[in-house]
Amino acid sequence: MELRELRGNGGGGGGTGAGGGTGGRAASGGGSAPSAVSPELGGICIGGSGGGGQRLPTKADVFMEQLNATNAKKVALLLVLGFILYHGLLNWNYGGDSCQWLLSKGRFKGDNEWQPYGCMVHKYSLTDTRRCLRYLAFFDNKNNFVFIGDASVRLLYERFVEQLRLPKDQEQGQEQDTDDNNASRSARFEDQKLHMLAQYIQAEEVSPSLVERLYHLEAEKQLSSVYVVGFTYAGLLAGNTTDDVLRQYAANLTLLVAPFHRLVAQTSRVLWKLADRVDEEKLPANWKLLQNEHIERLNNVARGVFRYTEISLWESAWHIANGLLDNAAEGHQLCAHGQRLEVQLLWNMYCNDYMNYNDGTCCSSSEPHTTLQIVAYALFGVCMCLVCGLCVRRWMLHLQGQTLYVPLQQQEQQYQSNDGVRGGASTPMVSLSLLGLILAYFYLCDRTNFFMKENKYYSEFSFWIPVGYVFALGLFFTEDSRFTKVLNRDQTDELRGWILLVVLIYYMTGAQRILPIHMHIKLLISGYFFLTGYTHFSHLWQTGSNGGSLFVRFFQAMFRANFLSVLLCFCMNRPYQFYYFVPLLSFWLCVVYLVLALPPRISAASVDANPLHYLYLVCKFIGCLGGITVLFMSEVFFERIFVTRPWKALFVTTDDDLHEWWHQWKLDRYTVAFGMIYAACFHIAQKYSVFDDNNHGNLFARRTSISVTLLALLGVGVYTAFSFLCRNVQNCEEIHSYILFIPIVGYVVLRNISGILRTRYSAFFAWFGRISLELFVCQYHIWLAADRHGVLVLLPGFPTLNMIITSFIFVCASHEVHRLTQILLPYAVPSDWRLVMRNFVIFLIVLIPVARSDGMF
């Protein structure tokens with residue numbers, strides 16, 4: 001939101017400005033045209049007393065004038081360039097190997113969940129683990145794990161094997177678990193079907209037999225094995241860690257470097273597990289001489305010996321043990337939760353690069369680019385080169401003294417007055433170039449490992465504090481509306497804005513695991529679709545558009561909804577269904593316009609001329625609801641329709657699965673129809689003066705208002721109670737489809753029944769509402785990460801500050817995409833329906849090679 005004008009009520013000075021005493025008109029929103037005032041004042045005109053005087057703006061006035069979307073985007077661009085430089089230096093100095101991040105450090109989040117530094121970990125279940133091993137065994141890989149060390153490594157081995165064991169009734173004949181001489185000196189686990197062998201070798205210190213055993217393991221040529229090694233020396237509990245002991249310990253560890261290097265040369269991985277700290281107060285009697293100082297000195301020796309070798313120091317295991325030290329059994333034994341966390345790190349290191357889980361980026365390679373991505377970015381690069389060439393040409397002509405004139409019409413196009421979005425790049429070529437740069441940032445964030453990513457984390461605090469903060473800002477920036485109508489433009493923008501902001505917080509914090517929150521978010525998304533049905537029906541009802549204008553408006557709505565998503569499908573190598581909200585919105589837009597375009601076309605004017613059109617309208621609604629019900633009652637029929645080529649690719653996921661589309665479609669199958677029915681009932685009631693929204697008063701008389709308000713509160717409360725009482729998400733979502741209109745209509749009534757509430761709105765929410773669609777789509781790649789399964793990290797180590805920075809860049813990028821879309825809209829969808837049809841045919845022709853490559857034909 002920009003401050004274009006400040007009016008003063010105090011006694012101003014005697015200077016007169018170009019705007020006169022009133023200072024021009026005030027502008028609301030983010031980008032109305034500036035007043036005709038002196039440019040030296042920065043566009044600010046301060047009125048004085050008496051109606052004729054003006055004063056010079058203060059520094060505060062000038063500063064407030066600079067708080068606008070354009071300058072915010074410049075700051076965001078500088079931040080992006082700065083973080084690109086910062087992460088470039090990090091990758092240059094420390095490498096971009098996320099495995100090293102996984103094994104080096106991290107931090108505990110709430111509930112003692114471990115977050116590695118800069119990458120995401122997948123939580124491997126028994127099924128996931130065995131699927132990974134089965135996949136590797138299919139390609140004849142040997143899954144070999146060797147644990148060598150003291151009792152702490154033995155515990156890790158046991159927890160590791162526990163992750164592999166099938167239920168007792170499936171174990172026979174599939175695995176072998178032996179314990180040599182029942183002395184706990186060695187153990188072995190084998191599963192022939194998985195080509196899996198895990199063994200434990202006891203070692204309290206370096207010995208000739210251990211070195212010989214390592215050479216023997218190297219001679220077995222078990223490629224791509226994982227070796228977890230960790231021990232100190234036999235006399236550790238005696239507490240005599242002197243300098244001579246440390247020197248001898250370093251010399252002994254040096255003997256291991258050569259066999260370790262031989263193992264690494266066989267593409268194996270060797271992890272050195274540092275000794276864990278102890279809780280000295282809880283140690284048993286025979287451990288009392290052991291001190292953490294001794295352990296740390298031994299670990300420093302190991303760090304020094306292995307630092308410049310190819311052995312990986314497993315520092316993160318030490319950090320996990322240190323963070324859970326209070327829960328250590330007898331003060332020295334890592335708790336079961338800590339052991340499971342360490343095992344999870346091992347599985348993420350071993351399997352992530354093969355399984356490609358979306359929430360497991362540690363040790364996972366970047367997604368390879370496709371030919372379509374290369375072509376898409378090459379076309380954007382051509383646009384950039386042309387724009388740079390034009391700029392160089394203009395600069396050279398300027399140096400030669402030639403004056404360049406810009407047509408007045410082109411200057412006027414710099415301001416998009418239709419929605420208050422200020423435009424600075426009015427040519428399609430410049431707009432496409434800027435869009436290409438933004439999409440390049442998308443690719444860098446989500447298709448490479450250049451920037452870091454972290455797992456989501458939910459807590460009551462992390463969800464409700466941002467929600468409360470957002471609503472506090474929304475209430476702070478409230479203004480008087482220019483409209484008095486129910487669900488006017490300001491209100492619908494406001495409603496879309498706060499719905500989208502709460503949904504974004506929901507996705508950021510991973511709150512979907514909480515069923516009441518999950519159901520309320522589904523209600524908010526349904527409210528967005530309800531509003532879609534209401535607004536489009538209302539527009540066509542009031543304007544009575546003819547065939548040509550209806551055709552153009554339909555394609556304008558489809559272009560706004562799909563432009564960014566289609567580009568992202570090309571540039572990010574994702575199916576159209578990946579951005580599920582956009583396919584749903586597009587589908588229901590088609591349904592709305594199909595219902596309203598079918599003859600006879602019904603509008604406010606037509607029903608006045610022929611009351612029989614009311615019956616036609618009811619028939620249309622019944623037909624729409626009936627068709628939706630038929631699709632829902634027969635899932636086979638539904639699949640036959642939506643898996644038919646060539647539009648199959650629009651509704652299936654990467655795995656050629658229609659389930660996601662079916663699930664999302666049936667969840668809101670009646671929502672848009674409810675919105676249209678509500679709009680029809682509303683306008684008919686308005687016509688017959690059931691209520692009056694043409695003034696600033698209440699909609700009904702006092703007694704009626706109280707009764708209606710209580711009913712509305714009851715409707716909202718019933719849905720909230722339902723969301724808490726329902727225990728099964730499938731049943732909740734099924735019931736939700738039938739009752740969602742009750743709380744939505746209840747909210748609309750509560751929002752509008754009072755004239756005071758109806759004639760005020762939150763400019764903060766309305767600003768976000770105007771770019772709500774871009775916000776929803778952009779969040780997938782530049783706010784969240786890994787296809788919305790994680791969180792983008794630009795500033796590691798400072799999660800709160802990182803969230804603020806990424807949110808700022810994300811909002812600025814979304815606003816710029818919205819602005820560029822508005823600039824390109826009249827070129828893509830002209831006002832003449834014949835030109836629209838021509839452009840649509842050209843678009844289909846361009847899609848033919850893409851469709852053929854995707855198997856649509």
Under 3.5 Å, is there a donor on one side chain and an acceptor on the other for [X] and [Y]?
X      : Y      : answer
Gln664 : Glu660 : yes
Asn752 : Gln491 : yes
Trp464 : Glu460 : yes
Tyr719 : His736 : yes

Measure centre to centre between the rings of [X] and [Y], then say whether the value is under 6.0 Å.
X      : Y      : result
Phe765 : Phe471 : yes
Phe450 : Phe83  : no
Phe682 : Trp541 : no
Tyr377 : Tyr443 : yes
Phe741 : Tyr678 : no
Phe764 : Phe768 : yes
Trp767 : Phe477 : no

Next on the checklist: Go through it in stages, so that I can follow the logic: the residues are Lys453 and His789, the test is side-chain contact (heavy atoms from CB on, under 4.5 Å), and I'd like the CA-CA distance, side-chain angles, deciding distance and then a yes or no.
Outcome noted: CA-CA 10 Å; Lys453 304 170 180 66; His789 289 84; over 6 Å; no

Does [X] use its side chain to pair, donor to acceptor, with the backbone of [Y] at less than 3.5 Å?
X      : Y      : value
Gln115 : Cys119 : yes
Asp493 : Ser762 : no
His815 : Val811 : no

Sub-4.5 Å side-chain heavy-atom contact between [X] and [Y]:
X      : Y      : answer
Leu540 : Tyr593 : yes
Cys812 : Lys73  : yes
Tyr441 : Ile809 : yes
Arg751 : Tyr761 : yes
Phe843 : Phe559 : no

Checklist entry - Would you call Glu774 and Arg819 a salt bridge, taking side-chain N to carboxylate O under 4.0 Å as the test? => result no

Item to check | Asp490 and Arg758 ion-paired at < 4.0 Å | outcome: no

With under 30° as parallel and over 60° as perpendicular, where do the rings of [X] and [Y] fit, or are they tilted in between?
X      : Y      : answer
Trp661 : Phe642 : perpendicular
His663 : His659 : parallel
Trp662 : Phe638 : perpendicular

Atom [atom1] of residue position [X] - does it have more than 12 heavy atoms of other residues, nucleotides or ligands inside 6.0 Å?
X      : atom1 : value
Ile756 : CD1   : no
Tyr469 : OH    : no
Phe798 : CZ    : no

Item to check | Pairwise distance CG(Asp693) to CG(Asn488) - rounded to 0.5 angstrom | outcome: 9.0 Å

Which atom pairs, donor and acceptor, lie under 3.5 Å between side-chain atoms of residues 500-514 and protein residues at least two apart or in another chain?
| from | atom 1 | to | atom 2 | distance (Å) |
| --- | --- | --- | --- | --- |
| Tyr506 | OH | His518 | ND1 | 3.0 |
| Tyr507 | OH | Tyr580 | OH | 2.7 |
| Thr509 | OG1 | Ile505 | O | 2.8 |

For a quick test of reading the model, state the closest non-hydrogen atom pair linking [X] to [Y] and the distance between them.
X      : Y      : answer
Leu792 : Ile782 : CD2-O, 3.4 Å
Asn358 : Ala786 : O-CB, 3.1 Å
Leu625 : Ala673 : CD2-CB, 3.6 Å

Checklist outcome for this item: Partner of Phe776 under side chain to side chain contact (heavy atoms under 4.5 Å, CB included), picked from Tyr528, Tyr579, Phe581, is Phe581

